[in-house]
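Report on one structure; see the data block that follows.
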2 protein chains.
Amino acid sequence: MAATIKDIARVLNISTSTVSYALNGGPRTVPEGVKARVLATAADLGYRPNRLAKSMVTGKTSTFGIVPPGTSILAAASPYFQIVLNGILSAADEVDHDVLIFTGFRDGNEDRFIDNVLDGRVDGLIFLAPPKGTQIFAHPELTKVPHVMTNCWLDCSVPAINCDNEAGIRDALKYLVELGHRDIGMLYGKLDLDDGIQRHAAFMEFMTDAQLPIRAEWIKDGDFTPAGGYTAAYSLLTQDRIPTAVMCCNDEMAVGFVRAAAELKISVPDQISVVGFDDSPMASSVHPTITTMRQPLEEMGRAAVLALSALISGLPVRNQTFSTRLIVRASASRPSEDTKTHD
Amino acid sequence: MAATIKDIARVLNISTSTVSYALNGGPRTVPEGVKARVLATAADLGYRPNRLAKSMVTGKTSTFGIVPPGTSILAAASPYFQIVLNGILSAADEVDHDVLIFTGFRDGNEDRFIDNVLDGRVDGLIFLAPPKGTQIFAHPELTKVPHVMTNCWLDCSVPAINCDNEAGIRDALKYLVELGHRDIGMLYGKLDLDDGIQRHAAFMEFMTDAQLPIRAEWIKDGDFTPAGGYTAAYSLLTQDRIPTAVMCCNDEMAVGFVRAAAELKISVPDQISVVGFDDSPMASSVHPTITTMRQPLEEMGRAAVLALSALISGLPVRNQTFSTRLIVRASASRPSEDTKTHD
DNA sequence: CTGAAAGCGCTAACAT
DNA sequence: ATGTTAGCGCTTTCAG
């Protein structure tokens, strides 16, 4: 039987309220002597506060809820989730909160899911890259719990933490153009996610504005994964005519691309330049190291915690858009003269 | 104001116990008509069960607690954590549990940490690769909550989920020897973790038993990271005499090794063979793809959940050791005649 | 078959 | 300065 404040009170012949105040250091003041004795017997009895009971009366839990990206729990295997989660954990740690990951978020499961997130275990929720078509944000009951989201732009009032995908893709492409590239292909992915959609659209827009050729056979779906990028790269690189550069909409695809190129003995960047997106750990681990647009995912995770904390405190919270930054590494260079083509 | 069972009871002029039984489908049976009306008004009122209250009386929370690897929260950034967590999440999902990640586990912080894990929010705990010297398992109060651990061999009664590091390293080295290698180096790492220690020790033992040369300058600390592996590889590969093969005690280091080799224009596997450990996502994403000993981390995460569930149910739980399996890819081959040296 | 009520452990308003 | 007590929302024993 675990000790409770009642036990401490009984032992010391004082009231539970005094014990509570002594233990919590307030709001009521307790004489030093009494406080010391309370602490001592608490230690003696092996007393451990029960946070369920405390939460029930205070309405606060000191835990943040997280909803992993996508509808599938498998998304938890992505570097994206890993890095954002890491930012969330370290920020949560700093404010003495723990983090509850909700598992049951699936299409058609909305009501049970809502039951879960409203059941009192968390003070608020962070949705990580929720899937595009989800109905969850339309659920009237969801407003009962404070929530923010990352990497998703919805026309609703949920505070969002995003990175500027459009500027990121644009800057990456500008860099390639400045290097002298005109024939630029793209590996896109995950068109059910806002990041996927926006990066794809930004590519199209830039190429159109810059009056550069958009060739369908140079634009492939790489699924945001190394394996997808590898397959897409193979089908792209085995064509008669290939671009001098490829924009990969995330680093995992860029890694897959570079591997395919190596197998095909196409040198990166001598014969084809590659630019990635995210600055994921893989990008700096492979040969050649991948030039990429850094998305500050860890900071975004931290920002999500801050925004959620503010929201919970009743403070106003605005959307935040983080800037991307070009990280120049080894996978992109000037196109060599003999690979250049002219339309 | 959220609706409670009291509200439902009041509306229908029945008792809260009937409402509770209707909602839960037992243990007491409730006439269909009443049950239907209870469910209807529950929906009407937007009733959501409060799990804190429920947990307080039942003592069950439907949530598992996780303690990330190492003492530093930063360990959450490792592929190890990511993959095991993924296994845990999917297994937890299947048994309708959520997962609470505890943040405050640090040396010297034991007592606050114990407060946290004993505060009633979880039914049990999974320690992921706890640091070697931790005092936490000696804490008498920890026995109050069921717990298991992964990737850690301690001489205590905590049920452990491990992989057979010794056999794994041995099989990897056997494979290299069968290919014809005798001059074998090693990149080890994290000697504060059991996995790190055991793999290091297994290498030494195998080499001794097989009467193969152990050369200190071929044995480097690569910190289990790509960057560490890269640095270690540089210092290893820029020596006058280099081995024909290198055992990397995890795949991240192998990836770093391969990158360094590429930069130094040392061909893998033609000039030097590399074998990794874990079969982490990176291993199959780089060029050349890394031959590795697969450690079934996702299954181990799932097994941890199963073991913990059993423990919580009061069932006996034994240690489990998972076998590793050689995954032959492209980074290891027979040594070429001209790289072979003879002592 | 159903209702009343105790109680899980805690906080805080309300006494004194 | 301290004690008493009413809940928080729920489950379940005990009465009827």
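Each chain gets a letter, A, B and so on, in the order the sequences are listed, and its residues count up from 1. Atom set for the values below is all heavy atoms of this structure, side chains included, hydrogens, waters and symmetry mates excluded.
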Looking at [X], does any N or O in its side chain come under 4.0 Å of the phosphate oxygens OP1/OP2 on [N]?
X	N	answer
B:Asn24	D:dT11	yes
A:Lys6	C:dG9	no
B:Ser15	C:dG3	yes
B:Thr18	C:dT2	no

From [atom1] of [X] over to [atom2] of [N], roughly how many Å is that when rounded to an integer?
X	N	atom1	atom2	result
A:Ile8	D:dG3	CD1	C1'	17 Å
A:Asn13	D:dT2	CG	P	14 Å
B:Lys60	C:dC8	NZ	P	17 Å
B:Lys54	C:dG9	NZ	P	18 Å
B:Leu23	D:dT11	CG	P	8 Å
A:Asp7	C:dC10	CG	C1'	13 Å
B:Asp119	C:dG9	CG	C1'	12 Å
B:Met56	D:dT12	CE	C1'	14 Å

If you take all heavy atoms of A:Ile88 and A:Gly301, which pair is closest and at what distance?
CG1-O, 3.5 Å
All heavy atoms of B:Glu298 vs all of B:Ile83, minimum pair found to be N-CG2, 3.8 Å
Under the side chain to side chain contact (heavy atoms under 4.5 Å, CB included) test, residues paired with [X] that sit two or more places apart:
X	result
A:Asp115	B:Arg48, B:Pro49
B:Thr143	none
B:Ala304	B:Ile126, B:Val148, B:Thr150, B:Ile161

Go through it in stages, so that I can follow the logic: the residues are A:Phe322 and A:Gln295, the test is side-chain contact (heavy atoms from CB on, under 4.5 Å), and I'd like the CA-CA distance, side-chain angles, deciding distance and then a yes or no.
CA-CA 8 Å; A:Phe322 282 73; A:Gln295 177 185 197; over 6 Å; no
Could I get the full list of side chain to side chain donor-acceptor pair (under 3.5 Å) partners for [X], not counting sequence neighbours?
X	result
A:Asp119	A:Arg121, B:Arg51
A:Glu94	A:Arg302
B:Arg10	B:Asp7

Indicate whether the side chain of [X] and that of [Y] have a donor and an acceptor atom separated by less than 3.5 Å.
X	Y	value
B:Asn162	B:Thr321	no
B:Asp195	B:Tyr80	no
B:Thr63	B:Asp98	no

Can you give me the N/O atom pairs linking the protein to nucleotides 5-7 of chain C at distances under 3.5 Å, or say none if there are none?
none

Using a 4.0 Å cut-off on heavy atoms, which residues in residues 32-41 of chain A reach DNA chain D? List them by number, or say none.
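Those residues: none at all.
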Closest nucleotide among D:dT12, D:dG9, C:dC10 to the B:Thr4 side chain
D:dG9
Compare the minimum distances between each of C:dG9, D:dC10, D:dA1 and the side chain of A:Pro31, then state the nucleotide with the smallest one.
D:dA1
Regarding A:Ile14, tell me which of base, sugar-phosphate or nothing describes its non-hydrogen contacts under 4.0 Å with the strands shown.
sugar-phosphate
Return all side-chain donor-acceptor pairs below 3.5 angstrom for residues 22-35 of chain B, not counting sequence neighbours, or 'none' if the list is empty.
unit_1, atom_1, unit_2, atom_2, d
B:Asn24, ND2, B:Ser20, O, 3.4

Can you sort out the partners of B:Phe113 under ring-ring contact (aromatic ring centres under 6.0 Å, His included), two or more places apart, ordered by chain and number?
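So B:Phe113 forms a ring-ring contact (aromatic ring centres under 6.0 Å, His included) with B:Phe105.
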In degrees, rounded to 10°, what is the bend between the two ends of the helix from C:dC1-D:dG16 to C:dT16-D:dA1, using five pairs at each?
60°
Aromatic plane relationship, B:Phe64 with B:His97 - under 30° parallel, 30 to 60° tilted, over 60° perpendicular
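Answer is parallel, since the angle falls under 30°.
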Taking only nitrogen or oxygen atoms into account, show me every contact under 3.5 Å that the protein makes with nucleotides 14-16 of chain C, one pair per line with its distance.
unit_1, atom_1, unit_2, atom_2, d
C:dC14, N4, A:Arg28, NH2, 3.2

Given DNA chain C, 5'-ward residue of the pair B:Thr29 and A:Ala53, judged by closest heavy atom:
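Counting from the 5' end, the first nearest nucleotide belongs to B:Thr29.
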